[in-house]
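Here's the structure we're looking at; comments come further down.
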Amino acid sequence: GAWTAEDTGGGLIWQAVNEAGDGYFADGTASGVQPPAGEFSTNIGTLNSTTAANGWMVFDCDYYNTPISDGYENTEGWITSPSLDFGNVGSVSIAWDQYFRYCCYPYAPIYLQVSSDGGASWTTFDAHGIFIESANTASANPLPTVVDISCAAAYQSNVLIRFSYLQAPETGDLYSHYYWGIDDVTIYENIASNDLEAVLLTNGDIDNTFEYRVTPMEQVVSQADGGVLAGLRYKNNGVSDQSATVLIEVLDSNGAVLSSTYESLGVVSAPANSVICPDPSFESVYVSTGWVPEGPGTYTLRASISSDSGEDSTPENNVISKTMVFTDYEMGHDDEEALDTELTPQDSDIQGLYNPCGYGSFFHMQNSGSLAYGVAVRFGPNSGAGNLEFETRLYTVDGAVGLTDSPFETTYWQYDDAWTPSDVETSEYVYLPFEDPIDLTTENFYFLGVINEFESEAQLTVMGNADSDTDGSTGDYGQTGAGDFVWFTSQSATPAIRLVFSPEPFISAGCTDLTACNYDPDAEEDDGS
């Protein structure tokens, strides 16, 4: 049977896109555009799904609300399947290709809903997949997504499935613009019995604070406090419950194991057997390793998940690792070995100028007594080339008023084009000291950023790691739908901005002689040893 489309725009939001890229509304009339076609998403292009050439669906709320000068509405809509019979099926998963962008809060307004009673009630599953929720950020194109709906659909004979664009319950409203493209929907039965997956490994408790790829020795978790804290997110992709164990290891730069800790995960339920529906997309465990680095260096944190239930269907996703760097003076979330995106401002409505912009990250101190002396920033290759004034700011976050209105210490700068690299490979950290050192406490949360509050003829850009903000530590200074400039937190990309615990420009010193037994691969300057 046919799928049906409904929306709050009277049938003028959902569009079916044909082979030529032209859009058609649910009643069959042509929209006259090639979606996505709104004033903010123009030139985004087609969904790059496997079968995009024979058509796809799009919820084009941006086009519906164009032009914004005439006003705009918060929008909702869904496309619903015909009745499906899973009476003899014990596992039901849905896979599809999609791409999307939304505004104006980080929580994704896209969902997969399931009804087993003819539409009288619905169970709602998140549909954003592995996308790190972030306002105004486009997903991958395509973003292949899989959702296991077994807890709501298995052994049910009258199942309806719908892809729903809804105002996110975390905010209640304010989702009006951009698009959601959908294609290549597949509904299938999972036949894997035992299939555990290590989803994410963290260096710290990201449910309550943050993790850091780079940690100064003065902020290392002491052995008395448990040493390095490893966090693992894991899930059961199979159809059988499994009793699981995780091994957490710390390895040095040569691969030698320095620390090993086992932790029982108990019984990990299969999605169809979950007592909660929708079942959580993952479970979490935090393990204190008791390990503390003796000094600066690069180490690997590794987690291996296993089960006593027999051979795993996909053993390659049972092991996950990440790099930890301990330094004398730097603290940061970015991975300088994997910088792959340049964070840039939007064009201003004033021709030839760029909008205000800013980039930054949250920090929290493990130990008291540290002083912040400045900021280290890796500017992007498109930064500068004109008059550009900006600030470095360290906010003390006040939850009662929000980040934008929290108090801060600031230092003003005139951008120097000597800071602009020719490309990513030649970019280096630029040290920008504060006017005075700033005391850091364990009670406060801080936000460190670079910001340009005014339109400018030159861009302020910063290098970063795309799709990496798994701890919600980032912020981007941008424009709301009402035209105000505020800090948007929990972005998807991590900027290369670090807090510096040194009064002088810092450089890693050590033995740079490749033939020496104490050669230090992280050293930038020979210390004479």
Side-chain angles (χ1 to χ4, degrees), residues 198-234 244-266 282-306 318-337 361-372 440-446 468 470-473 494 498-502 508 510 520-522:
V199 178
L200 176 70
L201 181 62
T202 68
N203 170 27
D205 179 359
I206 63 172
D207 291 318
N208 295 294
T209 53
F210 309 105
E211 67 168 334
Y212 305 94
R213 182 182 184 274
V214 179
T215 306
M217 290 301 297
E218 61 194 84
Q219 287 299 323
V220 166
V221 182
S222 69
Q223 194 169 51
D225 290 331
V228 165
L229 181 68
L232 177 67
R233 289 180 176 175
Y234 59 94
T245 302
V246 63
L247 168 63
I248 302 293
E249 298 171 293
V250 179
L251 297 79
D252 66 15
S253 57
N254 295 316
V257 177
L258 305 176
S259 170
S260 298
T261 308
Y262 285 92
E263 183 82 9
S264 172
L265 302 178
F282 56 80
E283 297 184 48
S284 297
V285 65
Y286 288 99
V287 180
S288 294
T289 64
W291 179 82
V292 177
E294 295 181 356
T298 301
Y299 302 88
T300 298
L301 187 64
R302 185 169 68 191
S304 306
I305 190 171
S306 60
N318 295 166
V319 181
I320 189 171
S321 62
K322 76 179 313 170
T323 301
M324 304 181 294
V325 180
F326 296 93
T327 68
D328 285 318
Y329 309 120
E330 302 170 69
M331 189 174 193
H333 301 275
D334 68 284
D335 180 356
E336 65 178 303
E337 301 299 324
S361 295
F362 286 96
F363 291 83
H364 182 262
M365 299 301 112
Q366 168 69 28
N367 306 313
S368 59
S370 287
L371 289 174
L440 303 174
T441 72
T442 57
E443 290 78 24
N444 294 319
F445 283 83
Y446 301 95
S468 60
T470 53
D471 62 351
S473 62
T494 302
R498 296 180 177 179
L499 193 58
V500 180
F501 296 71
S502 170
S508 177
D520 182 355
D522 295 320

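By convention here, the first residue in the shown sequence is residue 1. Atoms considered below: every heavy atom in the structure, side chains included; atoms not considered: hydrogens, waters and symmetry mates.
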What residues, two or more places apart in sequence or in another chain, satisfy side-chain contact (heavy atoms from CB on, under 4.5 Å) together with [X]?
X	result
T202	L200, I206, E211, Y286
S368	T442
E283	Y234, V268
A198	L232, I305, I320

Discussion item. Tell me if the aromatic rings of H333 and F363 count as close, with their centers under 6.0 Å from one another.
Written reply: yes
Taking the side chain as everything from C-beta on, heavy atoms only, tell me whether [X] gets closer than 4.5 Å to [Y].
X	Y	value
D471	Y212	no
L201	L301	yes
N318	S306	no

Worksheet entry | E336: side-chain hydrogen bond (donor to acceptor under 3.5 Å, both in side chains) partners, not counting sequence neighbours | none
Discussion item. Once side-chain hydrogen bond (donor to acceptor under 3.5 Å, both in side chains) is applied, do any residues pair with S284, and if so which ones, sequence neighbours excluded?
Written reply: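 side-chain hydrogen bond (donor to acceptor under 3.5 Å, both in side chains) check on S284 returns nothing, list empty.
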Would you tabulate the side-chain donor-acceptor contacts of residues 287-297 under 3.5 Å, counting partners in other chains and residues two or more places apart, or write 'none'?
from: T289; atom 1: OG1; to: V228; atom 2: O; distance (Å): 2.7
from: T289; atom 1: OG1; to: W291; atom 2: N; distance (Å): 3.1

Discussion item. I need the full list of side chain to side chain donor-acceptor pair (under 3.5 Å) pairs touching residues 214-232, with sequence neighbours left out, sorted by first then second residue.
Written reply: E218-S370, Q219-S370, S222-D225
Response to the item:
So the side chain to side chain donor-acceptor pair (under 3.5 Å) pairs with at least one residue in residues 248-257 (sequence neighbours excluded) are E249-R302
Worksheet item: Excluding sequence neighbours, so at least two apart, what forms salt bridge (charged side-chain N to carboxylate O under 4.0 Å, His left out) with D334?
Response: R498
Practice prompt. Please name all residues satisfying salt bridge (charged side-chain N to carboxylate O under 4.0 Å, His left out) with D207, sequence neighbours left out, ordered by chain then number.
Written response: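 Only R233 meet the salt bridge (charged side-chain N to carboxylate O under 4.0 Å, His left out) criterion with D207.
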Discussion item. Quick test of your reading: applying salt bridge (Lys or Arg N to Asp or Glu O under 4.0 Å), list the pairs with at least one residue in residues 253-264, sequence neighbours left out, ordered by first then second residue.
Written reply: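 As it turns out, there is no salt bridge (Lys or Arg N to Asp or Glu O under 4.0 Å) pair with a partner in residues 253-264 once direct neighbours are skipped.
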